[in-house]
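Residue numbers begin at 1 in each chain, while the letters A, B, ... track the order of the sequences.
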There are 2 protein chains.
Amino acid sequence: MRAQRPNSREKILAAAADVARESGPGSLSLDAVASRAGVSKGGLLYNFPTKAKLMQGLVEGYLREFEHALEAARTNDKDENLLAVYIRLSANDCEEKQPSASWIFSAIAEDPDFMMPIKTFKRQLFERLKGETPDLKSLLICYLAIEGLRSMNLFDSDVLSKDERELLVSSLLEIAK
Amino acid sequence: MRAQRPNSREKILAAAADVARESGPGSLSLDAVASRAGVSKGGLLYNFPTKAKLMQGLVEGYLREFEHALEAARTNDKDENLLAVYIRLSANDCEEKQPSASWIFSAIAEDPDFMMPIKTFKRQLFERLKGETPDLKSLLICYLAIEGLRSMNLFDSDVLSKDERELLVSSLLEIAK
DNA sequence: CTTCCTGTACCGTCTGGACGGTCTTGTCAA
DNA sequence: TTGACAAGACCGTCCAGACGGTACAGGAAG
């Protein structure tokens, strides 16, 4: 299953994300992705035999990346608790002006079931956090606030100023400590 | 501009929301909406000359309803502060198992610009909250956590149990006080 | 020879929307 | 009271375009 011509899949995935962001989530057509990736439609359909597989690939890549980032940040700050690591990592993600994952809307429009891996991933993460965080109240507040931050980033909604965002994050880290 | 056959517009709007929820946001076609509303396609296009107008109608109705609900809850608990009212109202909205506004994904897929009224509305609401809430830190945490709750409801993601949700809300109300 | 692609031609389906016709309702003059 | 008439509300049909997907002939590289 691994290892076609090394980077073709990655290029296509990146192209799909770009198209979704720039042309709008509803305009994620195979032709657009193919031309953006510098690949013919036949080539695209060789790597992803169907549009559903493409979406699935996007979701899996997203989850894989997040997991890696979390583990990396974890081993970096070995003394910090998991919740704090998660807060910092998410805040970093949301720093980028680019919504970074607006292809999610394409996936949902295509079929809401594409979100299922993400949902179960989040459930597992939350369970893990519950196991490692002593105070449930603090966890709930921090987790939900981060969820809110991610949501605002995803919807490209900039109601918070930079200062406010920083104040929020530092407050959450205080609570998580 | 007002007053067609009294309730035809409302019926169509409700039908559109139903179709989006049941058939998936990507399957919100005019035919589906028309048949669901018990109206011919011609009749639908008479009320909403274009699909964009339909989406616009959904957004406006959503905002109008929310505003009314907020004002109503406000006059009911005249002594409570705005943030607490907002928290309670949002928590109530998120109680429903039905995502209630999953047509939003349809609108985004159609054209992300449909979200602009919602964005400016939220910005205004946040400004209002800032004006009426003494402690910025509390406001940020509460507002973002509620945003997170709304996001989870919208994505139909049930990582929180009922008890956890209630604990969260009571904690937020404590902070907001 | 196999793998990985390119390029093109094509098909079936769906969708937004334009269009002309139809039924209903209100208005007003005689 | 009645009949004429116009505007409003809605129906059914049709169409051009876009899209996902298939099929197939080739070509370059290892």
Practice task
Kindly compute the distance separating CG (Leu172(B)) from CG (Leu168(B)), expressed to the nearest 0.5 Å.
Solution key: 4.5 Å

Handout entry: Plane angle bin for Phe105(B) and Phe155(B) - parallel if under 30°, tilted between 30 and 60°, otherwise perpendicular
Key = tilted

Exercise for the section: Give Leu45(A) one of three labels, base, sugar-phosphate or nothing, depending on what nucleic acid heavy atoms sit under 4.0 Å from its own. Expected result: base

Problem - Carboxylate-amine/guanidinium contact Arg74(B) Glu132(B), below 4.0 Å - result: yes

Practice task
Ignoring backbone atoms, establish whether Asn47(A) has a side-chain N or O less than 4.0 Å from OP1 or OP2 of dC5(C).
Solution key: yes

Exercise for the section: Taking atom NZ of Lys119(B) as the centre, report whether more than 12 heavy atoms of other residues, nucleotides or ligands fall under 6.0 Å from it. Expected result: yes

Exercise for the section: Give a yes or no on whether the backbone of Thr133(A) and the side-chain of Asn81(A) come within a donor-acceptor separation of less than 3.5 Å. Expected result: no

Practice task
Using whole Å, report how far CZ of Phe48(A) lies from C1' of dC19(D).
Solution key: 19 Å

Handout entry: Residues in contact with DNA chain D, drawn from residues 23-43 of chain A - heavy-atom cutoff 4.0 Å
Key = Leu28(A), Ser29(A), Leu30(A), Lys41(A)

Practice task
Rounded to the nearest angstrom, tell me the gap between atom CG in Leu44(A) and atom P in dC5(C).
Solution key: 11 Å

Practice task
Would you confirm whether the ring centroid of Phe121(A) sits within less than 6.0 angstrom of the ring centroid of Phe126(A)?
Solution key: no

Exercise for the section: Look at the side-chain N and O atoms of Thr50(B) and state whether any lies under 4.0 Å from the OP1 or OP2 oxygen of dG17(C). Expected result: yes

Handout entry: Spacing between Leu54(A) atom CG and dG20(D) atom C1', to the nearest angstrom
Key = 12 Å

Problem - Rounded interatomic separation in angstrom, taking OH from Tyr46(B) and C1' from dT22(C) - result: 14 Å

Handout entry: Inter-residue atom distance Ser157(A).OG - Ile118(B).CD1, 0.5 Å rounding
Key = 10.0 Å

Exercise for the section: Please give the angle, rounded to 10 degrees, between the axes at the start and the end of the helix from dC1(C)-dG30(D) to dA30(C)-dT1(D), where five pairs define each axis. Expected result: 10°

Fill in the blank from the handout: When rounded to whole Å, the CZ to P distance for the pair Arg9(A) and dT3(C) reads 17 Å

Problem - Spacing between Lys51(A) atom NZ and dT13(C) atom C1', to the nearest angstrom - result: 14 Å

Practice task
Inspect the surroundings of NZ in Lys130(B) and state if more than 12 heavy atoms from other residues, nucleotides or ligands are less than 6.0 Å away.
Solution key: yes

Handout entry: Main-chain N/O of Glu147(B) paired to Ser151(B) side chain as donor or acceptor, under 3.5 Å
Key = no

